[in-house]
*Asks:* 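This structure is in C-alpha coordinates; I'll ask about it shortly.
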Amino acid sequence: MDITMLRHYVAVATDLDLGRAASTLGVSQAVVSGSLNQLEATVGEQLIDRSSATLVVTDAGTLFLVTARAEVAAHDAANTPRPPKTGGKAKASKGKGRAPRVKGEPLPFKKRQSR
(Lines give C-alpha, C1' and ligand atoms only; values in the text may rest on other atoms or scores of the structure.)
Protein backbone atom coordinates (compact mmCIF):
# COMPACT_ATOMS: atom_id res chain seq x y z
CA MET A 1 0.00 0.00 0.00
CA ASP A 2 1.49 3.34 -1.00
CA ILE A 3 0.42 6.96 -0.67
CA THR A 4 -0.87 7.05 -4.26
CA MET A 5 -3.39 4.30 -3.54
CA LEU A 6 -4.54 6.17 -0.44
CA ARG A 7 -4.90 9.43 -2.39
CA HIS A 8 -6.98 7.65 -5.03
CA TYR A 9 -9.17 6.03 -2.39
CA VAL A 10 -9.77 9.32 -0.54
CA ALA A 11 -10.70 11.06 -3.80
CA VAL A 12 -13.16 8.34 -4.82
CA ALA A 13 -14.69 8.07 -1.36
CA THR A 14 -15.11 11.84 -1.25
CA ASP A 15 -16.52 12.31 -4.78
CA LEU A 16 -18.33 8.95 -5.01
CA ASP A 17 -17.55 9.01 -8.74
CA LEU A 18 -14.55 7.38 -10.43
CA GLY A 19 -14.50 9.79 -13.37
CA ARG A 20 -14.65 12.91 -11.23
CA ALA A 21 -12.00 11.58 -8.85
CA ALA A 22 -9.73 10.70 -11.78
CA SER A 23 -10.20 14.18 -13.22
CA THR A 24 -9.40 15.78 -9.86
CA LEU A 25 -6.25 13.66 -9.53
CA GLY A 26 -5.20 14.24 -13.14
CA VAL A 27 -5.07 10.54 -14.07
CA SER A 28 -7.25 8.20 -16.08
CA GLN A 29 -10.26 6.42 -14.66
CA ALA A 30 -8.59 3.05 -15.32
CA VAL A 31 -5.62 4.03 -13.14
CA VAL A 32 -7.91 4.96 -10.24
CA SER A 33 -9.95 1.78 -10.62
CA GLY A 34 -6.82 -0.38 -10.71
CA SER A 35 -5.43 1.41 -7.68
CA LEU A 36 -8.66 0.78 -5.76
CA ASN A 37 -8.58 -2.91 -6.69
CA GLN A 38 -5.00 -3.20 -5.44
CA LEU A 39 -5.83 -1.36 -2.22
CA GLU A 40 -8.83 -3.58 -1.52
CA ALA A 41 -6.69 -6.67 -2.16
CA THR A 42 -4.01 -5.37 0.20
CA VAL A 43 -6.47 -4.48 2.95
CA GLY A 44 -8.52 -7.63 2.44
CA GLU A 45 -11.84 -5.78 2.62
CA GLN A 46 -14.21 -4.28 0.10
CA LEU A 47 -13.98 -0.54 0.70
CA ILE A 48 -16.31 0.71 -2.04
CA ASP A 49 -19.39 -1.09 -3.36
CA ARG A 50 -19.47 -0.67 -7.13
CA SER A 51 -22.40 -2.98 -7.82
CA SER A 52 -25.04 -0.26 -8.17
CA ALA A 53 -25.18 2.74 -10.49
CA THR A 54 -23.69 4.96 -7.80
CA LEU A 55 -20.66 4.17 -5.68
CA VAL A 56 -21.24 3.47 -1.99
CA VAL A 57 -18.57 3.44 0.69
CA THR A 58 -18.89 0.29 2.82
CA ASP A 59 -18.71 0.25 6.61
CA ALA A 60 -15.13 -0.98 6.43
CA GLY A 61 -14.45 1.74 3.87
CA THR A 62 -15.79 4.44 6.19
CA LEU A 63 -13.46 3.31 8.98
CA PHE A 64 -10.53 3.05 6.59
CA LEU A 65 -11.26 6.52 5.18
CA VAL A 66 -10.38 8.13 8.51
CA THR A 67 -7.01 6.37 8.53
CA ALA A 68 -6.36 7.10 4.85
CA ARG A 69 -7.07 10.82 5.26
CA ALA A 70 -4.74 10.99 8.28
CA GLU A 71 -1.96 9.19 6.37
CA VAL A 72 -2.29 11.48 3.35
CA ALA A 73 -2.30 14.59 5.56
CA ALA A 74 0.76 13.37 7.49
CA HIS A 75 2.60 12.59 4.26
CA ASP A 76 1.78 16.00 2.81
CA ALA A 77 2.88 17.78 5.99
CA ALA A 78 6.17 15.88 6.08
CA ASN A 79 6.92 16.56 2.40
CA THR A 80 5.90 20.21 2.18
CA PRO A 81 8.96 22.33 1.36
CA ARG A 82 9.77 24.87 4.01
CA PRO A 83 10.97 28.37 3.19
CA PRO A 84 14.68 28.90 3.83
CA LYS A 85 15.68 30.51 7.09
CA THR A 86 16.79 34.09 6.58
CA GLY A 87 18.09 34.79 10.05
CA GLY A 88 15.54 37.48 10.75
CA LYS A 89 14.29 40.54 8.99
CA ALA A 90 16.00 41.76 5.85
CA LYS A 91 18.01 44.91 6.38
CA ALA A 92 17.02 48.03 4.49
CA SER A 93 19.59 49.83 2.36
CA LYS A 94 21.43 52.81 3.81
CA GLY A 95 19.90 55.09 1.19
CA LYS A 96 23.09 55.99 -0.67
CA GLY A 97 21.42 55.37 -4.01
CA ARG A 98 24.20 53.22 -5.44
CA ALA A 99 24.00 49.77 -6.91
CA PRO A 100 26.17 47.12 -5.26
CA ARG A 101 29.61 46.71 -6.82
CA VAL A 102 30.58 43.36 -8.34
CA LYS A 103 34.07 42.11 -7.53
CA GLY A 104 36.43 42.76 -10.42
CA GLU A 105 34.23 45.46 -11.96
CA PRO A 106 36.04 48.74 -12.70
CA LEU A 107 35.24 51.74 -10.55
CA PRO A 108 32.77 54.20 -12.06
CA PHE A 109 34.15 57.31 -13.77
CA LYS A 110 33.93 60.43 -11.62
CA LYS A 111 33.97 63.95 -13.01
CA ARG A 112 36.57 66.24 -11.68
CA GLN A 113 35.10 69.01 -9.59
CA SER A 114 35.80 72.50 -10.81
CA ARG A 115 37.47 74.94 -8.41
*Asks:* Which donor-acceptor pairs under 3.5 Å do the side chains of residues 59-73 make with protein atoms, sequence neighbours left out?
*Replies:*
unit_1 : atom_1 : unit_2 : atom_2 : d
Thr62  : OG1    : Thr58  : O      : 3.0
Arg69  : NH2    : Thr14  : OG1    : 3.2

*Asks:* Show the atom names and distances, to 0.1 Å, of all donor-acceptor pairs under 3.5 Å that link a side chain in residues 17-27 to residues at least two apart or in another chain.
*Replies:*
unit_1 : atom_1 : unit_2 : atom_2 : d
Asp17  : OD1    : Gly19  : N      : 3.1
Asp17  : OD1    : Arg20  : N      : 2.7
Thr24  : OG1    : Arg20  : O      : 2.9

*Asks:* So, using side-chain hydrogen bond (donor to acceptor under 3.5 Å, both in side chains) as the criterion, who are the partners of Thr80 when residues are at least two apart?
*Replies:* none
*Asks:* Side chains of Leu6 and His75: closer than 4.5 Å at any heavy-atom pair?
*Replies:* no
*Asks:* Roughly how far, to the nearest 0.5 Å, is the CD atom of Gln38 from the CG atom of Asp2?
*Replies:* 8.0 Å
*Asks:* Determine which pairs satisfy ring-ring contact (aromatic ring centres under 6.0 Å, His included) with at least one residue from residues 24-47, sequence neighbours left out, and list them in order.
*Replies:* none
*Asks:* Please list all pairs meeting ring-ring contact (aromatic ring centres under 6.0 Å, His included) that have one or both residues in residues 42-61, counting only residues at least two apart or in different chains.
*Replies:* none
*Asks:* Taking atom CG of Leu39 and atom CD of Glu45, what is their separation to the nearest 0.5 Å?
*Replies:* 11.5 Å
*Asks:* Would you say Leu16 and Val56 are hydrophobically clustered, going by side-chain heavy atoms of ILVMFWY under 4.5 Å?
*Replies:* no
*Asks:* Which residue pairs pass the ring-ring contact (aromatic ring centres under 6.0 Å, His included) test with at least one member in residues 15-49, sequence neighbours excluded?
*Replies:* none
